[in-house]
Amino acid sequence: MDEFLVFPKDFVWGCATSSYQVEGAWNEDGKGPSIWDTFVHTPGHIKNGETGDITVDHYHLFKEDVALMKEIGLDAYRFSVAWSRILPEGTGRVNQAGLDFYDRLVDELLKNKIEPYLCLFHWDLPQPLQDKGGWPNRDTSHAFAEYAGVVTERLSDRVKIWMTHNEPWVAAMAGYFSGELAPGITDVQAAFKSLHHLLLSHGLAAEAIRAHAKGSVKIGITLNLNPVHPASESRKDRDAVVRMDTILNRATLDPLLKGSSPMQEFAVGKLLSRTLIKPGDLEKIRSLDLLGINYYTRTVVKYDRKFPVVAATQIQPEGREYSGMWEIYPEGIYELLMRINADYLTPVPASKGMEQKTPEIMITENGVPVPDGLDFDGRVRDERRTHYLRDHIAQVHRAMAAGVPVKGYFHWSLMDNFEWAHGYAQRFGLVYVDFKTQQRTIKESGYWFSKVIKQNGFEY
Ligand code: IFM
């Protein structure tokens, strides 16, 4: 028999988006170019040569989008600010028109009783900063803190939750190592430097936010994390898991939550870290009130000595269900939450100077790209997404029942949007968007999610 899964009264139900993926208006009202503007306008980077120039035009249609959030019943909306709207050169001159947009958005959210979760960086670095070296350059971390201070000064009278970064690991590794995302660089040393500077910038921004805040604020970060499993029980594959887990999960979790860095476990990290990680950096990074977890899938690996850094490669196991981008593996969200709780949130005696209170945790992204579309009667029957949501949220509930204090769940994404190198080929929204007309339609999964929010639970 089905059981009714109940969530705590103050559990936060939300949806997430990001500036480059939804806003459009790429060169309006004084916005400067970002690395994504440059990347998409260079042929060969994005499927079908698509761009985020207009995407779903959230910049102009945000009121309509907030009305949809209200109709679904969201408690919270996680969005990101485009740095190059605020500081077109990355530092120095402030573009008031850019700040005005987020001001209007925040007011509209609050008017509709939706809590803004503001993220300062979701990959759209101002191009002028990339021209000075980008994230491999330590100065970019200081530029980020300056930008964080400017946004805090303007919005912290109303915004209380401040996320510094979304998936810094992806920004570093896909931006500077695999080159799949902007700025499209393929240099392992640049990627390791970027990761450290992104984390350092979190710590510097946390200081800036606290210094400029006009009231009490919570400071968080959002990480992409995956459980890592071996392709076989062989010793080599199990060792490959340890290396992949270190680079994929511990590379961000350890500095943020333990004040240590596992970089030295890799030859390239050893080579760099003598000069890269300066005294005091790790203490600065370890500054967190809220840990956001983005979960989509697990990573299954086998030993492969051809692959640089980790000597491991990812495989797709047979006989499993797949979406347009990944394996569907709901148990992974439970496994991840249990592991983070045990390894990082259960208080351990801190060394002097490294004391920190345990941060809250939330799922800040979870969702699935499956084909869907408008049926003849105007409905979008995306059953596979509803199943995905049911199964994953049930696993979050299972972890909570086992003692993991998860405070909220954000679906990725509110609406279909520009999915980076995939262009518009992968739809993640609870709201369907006709990319030609900008017509929005709530999908069946959106109605299901709405019911879950109203009941604060569901039959499972
Ligand atoms: O669309 C992305 C988002 O920008 C970051 N997290 C994963 C999502 C799906 O790929």
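Just the heavy atoms: all of them, side chains too, but no hydrogens, waters or symmetry mates, feed the values below. When a ligand or atom number is given, it counts from 1 through the structure's own listing order.
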Is [Y] close to [X] at the side-chain level, that is, under 4.5 Å between some pair of heavy atoms?
{"X": "P183", "Y": "I35", "value": "yes"}
{"X": "W123", "Y": "V170", "value": "yes"}
{"X": "W13", "Y": "N456", "value": "yes"}
{"X": "N166", "Y": "S80", "value": "no"}

Any side-chain donor-acceptor pair under 3.5 Å between N417 and H58?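 No, because no side-chain N or O of N417 sits under 3.5 Å from a partner of the opposite role on H58.
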Could you tell me if K451 sits above the aromatic ring of F458, with its cationic atom closer than 6.0 Å to the ring centre and no more than 45 degrees from the axis?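 So K451 doesn't make the cation-pi contact.
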Got the residues with a heavy atom under 4.0 Å of ligand 1, by chain and number?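 Q21, H122, W123, N166, E167, Y296, M325, W326, E365, W412, E419, W420, F428.
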